[in-house]
Amino acid sequence: MVLPRPVSDTLIELLKPVACELGERLGASAVNERYAEIEPSGSSALNQQIKKDPRWTKAQVKYLQRQQAREQELIAIASIEEEKVKEERANRIRAEELRDQRTISRLGRELMREIQSEAIRVKLNEIQIIWDRDNWFSNLSRQETEQILQQQQHRLLLLVAPAKISQDCPDSFRHNLNIELPAKLRTFLNQHYPQHGESSPVQFYGDYFKNPISDIDVERLQTVLSPVPTAILYSDISDYEVNFHVGFWGIINQNVSLVAMQPWNWEEVYHQLEAEGKDEKVRLRIIRQIIVTIHKLLAAFLADLYYLKIDFTHEPQLFNLEAEFAQEWFSQDWALPYMETLKEIQEQQRITYKGEMRRLALREAKARAERKRLEEEALKSRQEAEAKSKRAKEFAHKLKNLKWRCAYTLPGHSSFVNSLAISPDGEILASGSWDKTIKIWNLETRELVGTLTGHSDRVNSVAISYDGKMLVSGSSDETIKFWNLYNGDLLCTFPGHSMEVNSVAINPKGQIIASCGGADNTIKLWNLRTGELLRTLRGHSDNVNAVVFSPDGKILASGSSDATSKVWDVESGKLLRTLSGLNVGVNSVAIAPDGQILASVSNDYTIKLRNLHTGSLLRILNSNSAKRKGVANLGMNEAVHILRNYVSRGDSVAISRDGLTLASGCDDNKINIWSLQTGELLSTLEGHSGTVYSVAIAPSGNLLASGSADETIIGSWQLAVGSWQLAVGSWQLAVGSWQLAVGSWLLAVGCFQILSAN
């Protein structure tokens, strides 16, 4: 049966605007965002909470992999000539795709239910307070409300309220409509949107409301049922028109959306049907049927709209209900705007999801490439570590079997040699002494290039800038001086610390100098070019004896007489960590070239190696040659080796650029050479007659220089390419009047001595 054309046209004009408004407003309420993406900046059918869940991500990746495999298989079967075989395989692939889509859909709803569960628990605890606060709730069933909240299945809740019917309406409306409306809507939804269905489950209540409701009642109900996505249909009928209303809120965005259709003048339809010759009973029955059918259309549209928004695989049931509505005076043209809206949203969802899959595929490809790169890097690192360890062992073996001898002696200072620094190119050696001078030496020719004077007390520390142009010195005269390393000119002088400056260091990556010492227990950072004080680092409780920068220039380490080493952030001046447990004062610190190891020499005769970034103790070096005890295997959080300076207090430490060896000077007048890889003592160099205050290793690794309280500097060892360089049976060096007797040492006040290995 078909309604007269004027009636049908009127209904089309009535229903069309609502489709667009519901699509825009209710679609946006269904989830947290209208669209959302796997990437935070994009869009997706699922809200961000679900997509952050690792189970969802894992399922999406698995689905993508299977989808890509199916696409490859479809390409392969295109070449099959037998159509039956081709069709069978294509059908199997489509069935697999459908199963995978349903699996994704089920997972999405399970995750949604988990999101709901906490909010539902809170509502169940609050329900008594809400019920007591608003008398309106006495019209509802509290038991049914709790059952709705306790449902374990994720579904759309759809409620229809009794129509509010004017007393001036025909008895046929007042007697029959509120019976027909819930009954027929229940039958319709059970058939096409069953509550326990897999595609688009709808939980329907036709008798939840005892009386007609209004907009304010919808908002009241939302305070109780907000965790459950809900659509409410309600209407009011006067003696000539019907007003249809929809209330809606989603699972995450719980703001209530209220939508009202334009009033429908049922009285005009009544007269048009009368003109068609329909009797009064039929006319009123048709009008009631139209009201019920509009409720069905709205219910179907709301259910499909909701599930489209949360599930890209959803196929709207409304597309298949043409025959259903045709039996109820319904023209397909009525539903057309709703179908078009759903198709538009469906297409948007498919495009969006394809975009998601492309981005996911790209991300997975990048992740695979990154995993491969990391695996290759790990393999390369293992190979390099193994090769480095092998070289270190070979090098240690070679060093252990070498005998050290003095190569040459040079005239030097007239008092203790307190500090040494070698230029980045390995050509210049600077030495600071208690004789208040700094001497500059050419390491290749062993010539004294010049003597820098200007300090009025002993020079405690010297450092050369990383461009090799400038030298900085710290002295007990409480000043820091900047020198031109090429011509020896004094560039500037500025006050350093109270009483004395114990140590200076230059940042390898920036124009920053660090200084420490004196009675103020502080470290100061200075601008290398201007001499401006940048900041003062406070934290030590006693004299600060040594400072050193990490190779990247971002970290500064310090050692103090307060028995601690401290690690600082250079840019901010923030104290990162304090390394205690050193028992006694720390005299010297050094950082390995890879920036991972901090070495500290302290007055308890030990050299401690720690992880610079965590502070964990790695090794304590032990040269107990008298007892020759083996190295114990300790626990994971304990020292790997005990490397102890057996008879003396350590005073200085340096690490070679290749990170393989560590040299330490002690007050037993000796220099120890250690393997940084194994903690093994490789060699002990003897020659000084006083405490070794400073050691320095040239960048090439071929030269080690040491300064001592015996007023000498010894260039301790030389290494030629691939072999040790030595003269057969004797050494002779004529620089001015310097001479070295065969097989003996010549130690003179203020002389340099160079050791070579045989």
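- Of all the heavy atoms in P593 and P551, the pair that sits closest is O-CG, 3.2 Å.
- Summarising the local packing, CD of E444 is surrounded by 12 or fewer heavy atoms from other residues, nucleotides or ligands at distances under 6.0 Å.
- A donor-acceptor distance shorter than 3.5 angstrom exists from the side chain of N507 to the backbone of G553, with no hydrogens or angles considered.
- Aromatic ring pairs are classed by plane angle as parallel below 30°, tilted from 30° to 60° and perpendicular above 60°; the pair H413 and W441 is perpendicular.
- Legend: residues meeting side chain to side chain donor-acceptor pair (under 3.5 Å) with D658, ordered by chain and number and at least two apart, are S656.
- Every residue meeting the side chain to side chain donor-acceptor pair (under 3.5 Å) condition with D552, not counting sequence neighbours, appears here in chain and number order: S550.
- S694 places a side-chain N or O within donor-acceptor distance of the main-chain N or O of L420, the cut-off being under 3.5 Å.
- The side chain to side chain donor-acceptor pair (under 3.5 Å) test applied to E571 returns no partner, not counting sequence neighbours.
- Not a single donor-acceptor pair under 3.5 Å links the side chain of D489 to the backbone N or O of L491.
- Heavy atoms only, all atoms of each residue included: A546 and C516 are closest at N-SG, 3.7 Å.
- Note that OG of S503 is 9.5 Å distant from CD1 of I523, once rounded to the nearest 0.5 Å.
- Using a 3.5 Å distance cut-off with no hydrogens or angles, the side chains of S461 and N418 do not pair a donor with an acceptor.
- Annotation for N672 and T684: closest pair OD1-OG1, 2.9 Å, computed over non-hydrogen atoms.
- Residues forming a side-chain contact (heavy atoms from CB on, under 4.5 Å) with S515 (at least two apart in sequence, or on another chain): I480, H497, V501, V504, K524, W526.
- Partners of E500 by salt bridge (Lys or Arg N to Asp or Glu O under 4.0 Å), not counting sequence neighbours, listed by chain and number: R458.
- Of the inter-residue distances, the one linking I655 atom CD1 with S664 atom OG reads 11.0 Å to the nearest 0.5 angstrom.
- Atom OG in S476 sits 4.5 Å away from atom CG in D457 (nearest 0.5 Å).
- When atom types are taken as modelled, the side chain of N527 and the backbone of E532 share no donor-acceptor pair closer than 3.5 angstrom.
- Residues D668 and V692 are not in side-chain contact: their nearest non-hydrogen atoms beyond the backbone lie 4.5 Å or more apart.
- For the pair I555 and L612, the minimum side-chain heavy-atom distance is below 4.5 Å.
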Checklist entry - Does the side-chain contact (heavy atoms from CB on, under 4.5 Å) test come out yes or no for T536 and L525, once each step is laid out? => result CA-CA 6 Å; T536 299; L525 300 182; over 6 Å; no
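- The side-chain contact (heavy atoms from CB on, under 4.5 Å) check on E384 picks up K380, with sequence neighbours excluded.
- The ring-ring contact (aromatic ring centres under 6.0 Å, His included) check on Y466 picks up nothing, with sequence neighbours excluded.
- Not counting sequence neighbours, E376 has no partner by the salt bridge (Lys or Arg N to Asp or Glu O under 4.0 Å) test.
- If you take CG on L528 and NZ on K469, they are separated by 11.5 Å, rounding to the nearest 0.5 Å.
- With sequence neighbours left out, R371 forms a side chain to side chain donor-acceptor pair (under 3.5 Å) with no residue at all.
- For W568, there are no ring-ring contact (aromatic ring centres under 6.0 Å, His included) partners at least two apart in sequence or on another chain.
- T437 places no side-chain N or O within donor-acceptor distance of the main-chain N or O of T451, the cut-off being under 3.5 Å.
- Put simply, OG on S465 and CZ on F482 are 10.5 Å apart, with the number rounded to the nearest 0.5 Å.
- Between N669 and G690, the shortest heavy-atom contact is OD1-C, 2.8 Å.
- Expressed to the nearest 0.5 Å, how far CG of L685 lies from CG of L704 amounts to 7.0 Å.
- At a cut-off of 3.5 Å, with distance as the only test, no side-chain donor of T578 or S580 sits close to an acceptor on the other residue.
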Item to check | side-chain contact (heavy atoms from CB on, under 4.5 Å) assessment of D569 paired with L575 | outcome: CA-CA 6 Å; D569 179 86; L575 176 62; over 6 Å; no
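- Under 3.5 Å, the side chains of N521 and D542 contain no donor-acceptor pair of N or O atoms.
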Next on the checklist: K608 vs L617, test: side-chain contact (heavy atoms from CB on, under 4.5 Å). Steps then yes/no.
Outcome noted: CA-CA 7 Å; K608 293 183 173 62; L617 184 62; 4.1 Å; yes
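- In this structure, E386 does not pair ionically with K390, as no charged nitrogen and carboxylate oxygen lie closer than 4.0 Å.
- Shortest non-hydrogen contact noted between L579 and V567 is CD1-CG2, 4.3 Å.
- With hydrogens and angles ignored, the 3.5 Å screen pairs no side-chain donor or acceptor of N543 with any backbone N or O of N545.
- Contact between G559 and S565 at its shortest, heavy atoms only, is CA-OG, 4.3 Å.
- Legend: residues meeting salt bridge (Lys or Arg N to Asp or Glu O under 4.0 Å) with D467, ordered by chain and number and at least two apart, are R529.
- Using a distance-only test at 3.5 Å, with no hydrogens or angles considered, no donor-acceptor pair links the side chain of R538 to the main chain of T522.
- Annotation: side-chain contact (heavy atoms from CB on, under 4.5 Å) contacts of S473 (sequence neighbours excluded): I438, H455, V459, V462, L471, K481, W483.
- Residues I512 and V570 have side chains in contact (heavy-atom distance under 4.5 Å, counting atoms from C-beta outward).
- Of the possible polar contacts, none joining the R610 side chain to the I597 backbone as a donor-acceptor pair under 3.5 Å is found.
- At a threshold of 4.5 Å between non-hydrogen side-chain atoms, the residues K566 and R577 do not count as touching.
- Of the possible donor and acceptor atoms, one in the side chain of S708 sits under 3.5 Å from a partner among the backbone N and O of T691.
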Next on the checklist: Set out, in order, the CA-CA distance, both residues' side-chain angles and the distance that settles salt bridge (Lys or Arg N to Asp or Glu O under 4.0 Å) for K372 and E375, then state yes or no.
Outcome noted: CA-CA 5 Å; K372 183 178 180 181; E375 289 171 358; over 6 Å; no
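- Judged purely by atom type and a 3.5 angstrom limit, S423 uses its side chain to pair as donor or acceptor with the backbone of I428.
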Next on the checklist: Test side-chain contact (heavy atoms from CB on, under 4.5 Å) on L374 and E370; report intermediate values, then the result.
Outcome noted: CA-CA 6 Å; L374 292 175; E370 179 65 10; 3.8 Å; yes
